[in-house]
Amino acid sequence: MSEVGVKMAEEICRRLRFSNDDTEQILALVKHHMRFAHVAQMKESTLRKFLRMPGFEEHLELHRMDCQIESRRSDFLQIR
């Protein structure tokens with residue numbers, strides 16, 4: 001599934017003429033955004049690599065926003 005998202009993001013970045021550096025970071029964000037769900041099962045060495053990824057702060061911020069959105073979606077569903 002992430003492969004499809006990465007391909008779509010790459011096409012959009014190219015069409016919008018983003019720099020190569022920005023495109024690479026955006027593609028990394030799309031590719032790895034679900035890895036946080038597996039942190040508890042990661043080997044220590046894998047976790048260290050994950051935490052040292054270039055632009056990890058942006059990955060963390062994206063995860064925080066995902067959590068906020070899911071929380072709001074959950075709150076909305078509970079109201080109904």
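Small disclaimer: the values here were computed from a predicted structure and weren't measured.
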Margin query: Please enumerate all residues that pass side chain to side chain donor-acceptor pair (under 3.5 Å) together with Glu24, with sequence neighbours excluded.
Written below: none
Check: Shortest non-hydrogen contact from Val30 to Val6?
Finding: CG1-N, 3.7 Å
Notebook entry, point to check: What is the distance from atom NE2 of His59 to atom CD of Gln25, rounded to the nearest 0.5 Å?
Noted result: 4.5 Å
Next item on the list: Would you mind reporting whether Arg35 and Thr46 have side-chain heavy atoms less than 4.5 Å apart?
Entry: yes
Next item on the list: Considering only NZ, NE, NH1 and NH2 on the basic side and carboxylate oxygens on the acidic side, decide whether Glu11 and Arg15 come within less than 4.0 Å.
Entry: no
Item checked: Listed partners of Leu47 passing side chain to side chain contact (heavy atoms under 4.5 Å, CB included), at least two apart -> Val39, Met42, Phe50, Leu51
Notebook entry, point to check: Within a radius of less than 6.0 Å around CD of Gln41, do more than 12 heavy atoms belonging to other residues, nucleotides or ligands occur?
Noted result: yes
Checklist line | Flag, side chain of His32 to backbone of Leu29, donor-acceptor distance under 3.5 Å | finding: no
Next item on the list: Report the distance from atom CG of Leu62 to atom CD of Glu58, rounding to the nearest 0.5 Å.
Entry: 9.5 Å
Next item on the list: Before giving the answer on side chain to side chain contact (heavy atoms under 4.5 Å, CB included), spell out for Phe36 and Asp66 the whole-Å C-alpha distance, their side-chain angles and the decisive distance to 0.1 Å.
Entry: CA-CA 11 Å; Phe36 282 92; Asp66 272 350; over 6 Å; no
Notebook entry, point to check: Rounded to the nearest 0.5 Å, what separation is found between the OG atom of Ser19 and the CD1 atom of Ile26?
Noted result: 8.0 Å
Next item on the list: Give a yes or no on whether Met53 atom CE has more than 12 heavy-atom contacts from other residues, nucleotides or ligands under 6.0 Å away.
Entry: yes
Item checked: Side-chain ion pair, Lys7 and Glu10, N-O less than 4.0 Å -> no
Note to self: Quick one, Lys31 with Leu27, criterion side chain to side chain contact (heavy atoms under 4.5 Å, CB included). Give me CA distance, side-chain angles, the key distance, then yes/no.
What the structure shows: CA-CA 6 Å; Lys31 182 178 180 179; Leu27 298 182; over 6 Å; no
